[in-house]
Amino acid sequence: MKKTAKFGGSSVANSTQIKKVCDIVLNDKEICAVVISAPGKRYSNDIKVTDLLIDLYEKYRNKDPKYKEQLENIIKRYEEIVLDLKLDEKLLDDFRLILNKYLDEIDDSFYLENAIKSCGEDFNARLIAKYISSLGYKCSYLSPKEAGILVEHTINEPIILEETYNNIKRFKDDDRLFIIPGFYAISPQGKIITFQRGGSDITGSIVARGLECDIYENFTDMSYIYTAHPNLIDNPKPITNITYREMRELSYNGFEIFQEDAVAPLLKNNIKIQVKNTNDPNNGGTIIETKRNNIKENPIIGISNVGDFLAFNITEYLMNKQVGYINKLLDIFEYQHIPVEHIPTGIDSLSILIRKKYITSEFQMQNIINTIKTNFDFDEFEIIDDLSAIAIVGEGLKNIMTQTLYKISKTFDEENIKLEAIIQGASNNSLFVFIKKENEKLAIQKLYKEFFN
């Protein structure tokens, strides 16, 4: 059995947590590589190191002299860890030198921002590797550049280059324990490119596939993935086994415990994922794999609040007779680099549903509205900006679709919740209901009771 383990920000937020991580790793000889996140929050109103780094970049870009003060605040976060672990304080000088080098030498603002953001994971991996080595173990820091984790930058997300896996494979028979910073990779031109937030999950899955591991262990501050978010439901049922497809649906649609894109590198090699708790590593754990055997008993695996949505509703007589109508409309959103999630249609009407977060300014919104008004001779045009989506996910959903639709309708009728739209996923393992934002929490609680109690 061969494993890659990844530890999230709360797991490596301070020296106490880092010691727990090292105990887990050093007591499991099957772990051959460890992917490390940036230090997360030490307490509820603390600031994550990645957010401190983003603020450092913003201050530097805006020529705010306080950027130097922020740089030192970042060094102090690591100083606390370095001193507690009794490591050589020269590490702190190295970290300061790296930050200043990036600020001084990278002219392009995009690449500078990426380089600065990557330092949270990079510094933490360096010091953890030093700490494990100080305990007498054969351990090495391995940067994404040395490992050969290569991506092509695109306007949306970096694309992992296939040669990455062969590059990492060079290390699969090495007897050293490798400590690798998550969250970032290298372009073919040698530039640092970060993944989206939570991207250390992606690094972990890349490493697990490259090293030909059997299991990718993802350590967080929770023992399971749950059937609903614990902030919305008291004591939701734990999920012990879930499929890749179900996990990706839930992750994309609101579950924050696992980055949805992290599943992709593992699919080809059928590498299992196990979600575990750093603070209770020997108990619980959700297994994510290709299939699950309890679909008949648990046809629905989870319910999730997807997020806030906008609906652009257009009615035009004989719309269905016009060739390319939808395509022409979608071009407007493509030009603005806005992903369209759903397109419910009727004979003379359609709705464009997008996540509210993609509209980043009033100017952008007005631009979309003006372009639609200029290019379409509609009879009615309406924007609904207070929608919330709820996802119901499960591989067995296709077998109980009629009952599920009945339960949703009955629940909403009893609670006087208006159903704005309902959409069945193309794979038949997901169902999306759209309601007004004000009813979101009540709807999830009532639907959870209907499906899981």
List the atom of [X], the atom of [Y], and the distance in Å for their closest heavy-atom pair.
X	Y	value
Gly40	Ala13	O-CB, 3.6 Å
Val151	Ala185	CG1-CB, 3.6 Å
Gly120	Leu53	N-CD1, 3.2 Å
Arg209	Pro265	CD-O, 2.8 Å
Thr4	Leu211	OG1-CD1, 4.1 Å
Ala125	Ile36	N-CG2, 4.0 Å

Test item: side-chain donor near acceptor, [X] and [Y], under 3.5 Å:
X	Y	result
Gln17	Asn279	yes
Arg292	Thr243	no
Asn235	Tyr226	no
Glu289	Asn241	yes
Asn294	Glu297	no
Gln424	Asn428	yes
Ser361	Gln364	no

Taking the side chain as everything from C-beta on, heavy atoms only, tell me whether [X] gets closer than 4.5 Å to [Y].
X	Y	answer
Leu330	Ile343	yes
Asn283	Lys276	no
Ile116	Leu99	yes
Thr240	Tyr224	yes
Leu431	Ile423	no
Ser37	Lys6	yes
Lys272	Tyr216	no
Glu217	Ile31	yes

Show, in sequence, the C-alpha distance, side-chain angles and deciding distance for Cys22 and Ile128, and conclude whether the side-chain contact (heavy atoms from CB on, under 4.5 Å) test is met.
CA-CA 8 Å; Cys22 294; Ile128 289 172; 4.3 Å; yes
So how far is it from [X] [atom1] to [Y] [atom2], rounded to the nearest 0.5 Å?
X	Y	atom1	atom2	answer
Ile75	Asp94	CD1	CG	10.0 Å
Ile303	His229	CD1	NE2	13.5 Å
Leu112	Asp108	CG	CG	8.5 Å
Leu52	Gln70	CG	CD	5.0 Å
Ile192	Ser118	CD1	OG	4.0 Å
Asp173	Glu212	CG	CD	8.5 Å

Does any N or O in the side chain of [X] come within less than 3.5 Å of the main-chain N or O of [Y], such that one atom is a donor and the other an acceptor?
X	Y	result
Asp214	Lys2	yes
Asn114	Phe110	yes
Asn27	Asp23	yes
Thr404	Ile400	yes
Thr203	Phe183	yes
Thr194	Tyr184	no
Glu121	Ala38	yes
Asn305	Gly307	no
Asp64	Lys66	yes
Ser11	Phe7	no

What verdict does the salt bridge (Lys or Arg N to Asp or Glu O under 4.0 Å) test give for Arg61 and Glu113, after you've listed the backbone C-alpha separation in whole Å, the side-chain angles of each residue and the deciding distance to 0.1 Å?
CA-CA 9 Å; Arg61 186 187 66 172; Glu113 181 181 14; over 6 Å; no
If you count the non-hydrogen atoms of other residues, nucleotides and ligands that lie under 6.0 Å from CG in Asn293, is the total more than 12?
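Result for CG/Asn293: open.
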Begin from the C-alpha positions of Tyr67 and Asp55 and carry the test side-chain contact (heavy atoms from CB on, under 4.5 Å) through to its verdict.
CA-CA 8 Å; Tyr67 83 86; Asp55 187 63; over 6 Å; no
Measure from NZ or CZ of Lys191 to the centre of the six-membered ring of Tyr111, then state whether that distance is under 6.0 Å and the direction lies within 45° of the axis.
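Checked: cation-pi criterion met.
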Chi angles and distances behind the salt bridge (Lys or Arg N to Asp or Glu O under 4.0 Å) call for Arg42, Glu80:
CA-CA 12 Å; Arg42 297 162 293 183; Glu80 179 183 303; 3.2 Å; yes
Using side chain to side chain donor-acceptor pair (under 3.5 Å), reason through Asp201 and Asn218 one step at a time and then give a plain yes or no.
CA-CA 8 Å; Asp201 288 348; Asn218 191 289; 2.9 Å; yes
Step by step, work out the salt bridge (Lys or Arg N to Asp or Glu O under 4.0 Å) result for Lys357 and Asp308.
CA-CA 8 Å; Lys357 66 181 181 181; Asp308 299 339; over 6 Å; no
Indicate, with yes or no, if the rings of Phe333 and Tyr358 have centres closer together than 6.0 Å.
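Judged by ring-centre distance (under 6.0 Å), Phe333 and Tyr358 do not meet the cut-off.
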Are Tyr78 and Phe123, when compared by the centres of their aromatic rings, separated by less than 6.0 Å?
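Centroid distance Tyr78-Phe123: below 6.0 Å, so yes.
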Could you walk me through whether Val207 and Phe178 pass side-chain contact (heavy atoms from CB on, under 4.5 Å), step by step?
CA-CA 10 Å; Val207 171; Phe178 290 109; over 6 Å; no
Can you list the steps and then say if Glu72 with Arg96 is a salt bridge (Lys or Arg N to Asp or Glu O under 4.0 Å)?
CA-CA 8 Å; Glu72 290 305 316; Arg96 189 180 287 107; 2.9 Å; yes
Mutual orientation of the aromatic rings belonging to His342 and Phe432 [parallel < 30°, tilted 30-60°, perpendicular > 60°]:
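Taking Phe432 first and then His342, their aromatic rings sit tilted (interplane angle of 30° to 60°).
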Chi angles and distances behind the side-chain contact (heavy atoms from CB on, under 4.5 Å) call for Glu438, Asp386
CA-CA 8 Å; Glu438 63 190 29; Asp386 60 347; 5.7 Å; no
Using the side-chain contact (heavy atoms from CB on, under 4.5 Å) criterion, which residues pair with Ser109? Sequence neighbours excluded.
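Testing Ser109 for side-chain contact (heavy atoms from CB on, under 4.5 Å), a comparison that skips the adjacent residues, returns Tyr57.
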Can you name the residues that form a side-chain contact (heavy atoms from CB on, under 4.5 Å) with Lys446, not counting sequence neighbours?
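If we apply the side-chain contact (heavy atoms from CB on, under 4.5 Å) test to Lys446, skipping adjacent residues, the hits are Thr411, Glu415, Leu442.
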Could you check Ile132, Leu26, Thr278 and say which one makes a side-chain contact (heavy atoms from CB on, under 4.5 Å) with Val21?
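Single side-chain contact (heavy atoms from CB on, under 4.5 Å) partner of Val21 among Ile132, Leu26, Thr278: Thr278.
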